Amino acid sequence: MRSYICTTCGTQYPVEEQPPGACLICEDPRQYVNPMGQSWTTSALLARTHANAFRLLEPDLFSITTTPGFAIGQRALLIRTPGGNVLWDCLSLLDPATEALVRALGGLAAIAVSHPHYYAAMVDWSVAFGCPIHLHADDRRWVMRPDQAIRFWQGETLPLASGLTLIRCGGHFAGGSVLHWADGAHGLGALLSGDILQVLPDRRHVSFMRSFPNLWPISAPAVERILAALEGFPFASIYGAFAEREITVDGKAALAASAERYLAAIRGDGSAERV
Ligand SMILES: [Zn+2]
């Protein structure tokens, strides 16, 4: 009996004797099925060939990434607060070294995940640290490994530990959420955005997509809803889903400029300047 993990998206499934017939996350048109055919691994196999690397991004904020890269390749972020540590987004690999290091940092008080592509092995992490998992209820149907630790939140915001607030933005997924950290960026505020706001390689802009691998944009009203959802939250830094993808100065202005150019493009009139 094993809990199988999809090698394309990194999603873990319930403990079974045989792997599932298909990965429903990959069959959703926002993802894609491995062109070589659906394939699976397990936690034990993954731990033989991969490890997790830690990096301190700013005081009390660690990134955790699996190396060599696995599946989608996102990072998880661990925030230390006086009210306990929170893991933002998740990884498919939780090996003994990671467990020991996170325990040495004080364990986890909660896990929160931006959207289903990063649910990964969240149940393994939750079991190891005895903490709840906060997911937006609008994405409930995409939970492939249900568990009693999962708490579905509803509405637009959910306060977590000290200074941390989950904010539903929608866009990529109906329940797509970001995490605001009031004490981040030395008190100026930080936004942990997953790929609900995708930080771009220039580290000055973000973009918005229904599907990133399939380059499927979201509508103008959906971008405007994201701006409205974030209006009351100040932030200087935006930490995206991937290594090095972070904006560290004037994050709020970067979001505004990014939305402006996105909206100009998607409402374009076909002229050379507006495309
Ligand atoms: Zn998959």
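All of these numbers come straight from a predicted model, not from anything done at the bench. Numbering of ligands and ligand atoms starts at 1, following listing order.
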Query raised in the report: Has D250 got more than 12 heavy atoms of other residues, nucleotides or ligands less than 6.0 Å from its CG?
Result: no
Report task. Just the protein N/O/S atoms under 2.8 Å from the Zn ion (ligand 1), please, no waters. Result -> C6 SG, C9 SG, C23 SG, C26 SG
Query raised in the report: Are T7 and S39 linked by a side-chain donor-acceptor pair shorter than 3.5 Å?
Result: yes
Query - Under 3.5 Å donor-acceptor, T81 side chain and G84 backbone - result: yes
**Report entry** Heavy-atom check, side chain of L191 versus side chain of L255, under 4.5 Å
**Finding:** no
Query raised in the report: Short question: side chain of R145, backbone of Y119 - any donor-acceptor pair under 3.5 Å?
Result: no
Report task. Check whether any side-chain N or O of S177 sits under 3.5 Å from a backbone N or O of G175 as a donor-acceptor pair, and report yes or no. Result -> yes
